[in-house]
Protein chains: 2
Amino acid sequence: MRELTRIFQSLSDVNRIRILKMLEQRPLCVCEITSVLGLATSTVSKHLSILRDTGFVVDSKEGKWVNYRLTDSPSPPYINKLMPLIKELLPDDKVVREDAKKVRDVDRETICA
Amino acid sequence: MRELTRIFQSLSDVNRIRILKMLEQRPLCVCEITSVLGLATSTVSKHLSILRDTGFVVDSKEGKWVNYRLTDSPSPPYINKLMPLIKELLPDDKVVREDAKKVRDVDRETICA
DNA sequence: CAATCATTTCGACCTACATCGAAACGATAC
DNA sequence: GTATCGTTTCGATGTAGGTCGAAATGATTG
């Protein structure tokens, strides 16, 4: 039960939802997400670690970058039920659409400097 | 988006999840829930107002009691997706089962005094 | 109408959380 | 190997949330 409430809590922050919706497009590194959200790098890293601990995302190193992506199915219990739900929510959200556009245009080589 | 995160947050507390699972059995008044959870009456009232504000439960007066029950379909956006999910979660949870038993045995006339 | 009873609101307390900047870490590049 | 760059961890700060007891509310009952 505690595990379930932790999962819901990880979804109870606007910036973490924005991260999940961005990752629906493609894997992203920390600085790309930071650039879109306009938060401190350390804050974004914290958000990602929370989403990783609950099982929504996984990370993988690629050179000097750490890429985060959505956990692909079969994902852990609860997550496999919630992930599809999140994917179909907020289809017309203004912020989500603006973030999507930024993700499309962002280039890690340019902004991480 | 804010509305969605508020909904997830209302699900991020163990006692509120317990309340929702109890209400799957039948409508309950505040003092019945208080008796099962072992919390202060004011705390339970607060939890219920949170669940009411997000749309998971509705209340109705019956004499001196206020009965709370799960919002029946069609429920508000998001809720109509989440409610069925919650109903199929935690089928074998120990606490949920113990609560269910207490709900079966509880009598509002006896305990609310 | 006065008293009782279930519930809600209020005020206070403590804990948990989001955020930042600085420092630590790890790997890459010169 | 030293410097640089992306990321993580740490410490501090302000805010939000869960809890309680007491006071307020609202309806029922005598």
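Below, chains carry the letters A, B, ... as their sequence lines are ordered, and counting in each starts from 1. The shown structure was predicted, so the numbers you read here are calculated from the model rather than taken from an experiment.
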Considering all heavy atoms, the nearest A:V36-A:V103 contact: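 So the minimum-distance heavy-atom pair works out to CG2-CG2, 4.3 Å.
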Taking only the side-chain heavy atoms of [X] (C-beta and beyond), determine which of [options] contains the nearest atom.
X: B:W65; options: D:dG18, D:dT7, C:dT7; result: C:dT7
X: B:D13; options: D:dT7, D:dG18, D:dC20; result: D:dG18
X: A:K64; options: D:dC5, D:dT7, C:dA18; result: D:dC5
X: B:Q9; options: D:dT8, C:dT7, D:dA16; result: D:dA16

Can you tell me how far [atom2] of [N] sits from [atom1] of [X], to the nearest Å?
X: A:D59; N: D:dT8; atom1: CG; atom2: P; answer: 7 Å
X: A:L37; N: C:dC20; atom1: CG; atom2: P; answer: 10 Å
X: B:E32; N: C:dT7; atom1: CD; atom2: C1'; answer: 14 Å
X: A:K61; N: D:dT8; atom1: NZ; atom2: C1'; answer: 9 Å
X: B:I33; N: D:dT19; atom1: CD1; atom2: P; answer: 14 Å
X: B:N67; N: C:dC5; atom1: CG; atom2: P; answer: 19 Å
X: A:D53; N: D:dT8; atom1: CG; atom2: C1'; answer: 13 Å
X: A:N15; N: C:dC20; atom1: CG; atom2: C1'; answer: 14 Å

[N], OP1 or OP2 - any side-chain N/O from [X] closer than 4.0 Å?
X: B:T43; N: D:dC20; result: yes
X: A:H47; N: C:dC17; result: no
X: A:R108; N: D:dC5; result: no

Under 3.5 Å: donor-acceptor pair, side chain of [X], backbone of [Y]:
X: A:K102; Y: A:L37; answer: no
X: A:R69; Y: A:V58; answer: no
X: B:T54; Y: B:I50; answer: yes

First encountered from the 5' end of DNA chain C, between A:K46 and A:G63: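 First, find each residue's nearest nucleotide; the 5'-ward one identifies A:K46.
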Any N/O donor-acceptor pair, B:S42 side-chain to D:dG21 base, under 3.5 Å: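 Yes, a donor-acceptor pair under 3.5 Å.
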No-hydrogen, no-angle side-chain donor-acceptor test under 3.5 Å, A:R26 and A:N67: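 There is no such pair (donor and acceptor under 3.5 Å, judged by atom type) between the side chains of A:R26 and A:N67.
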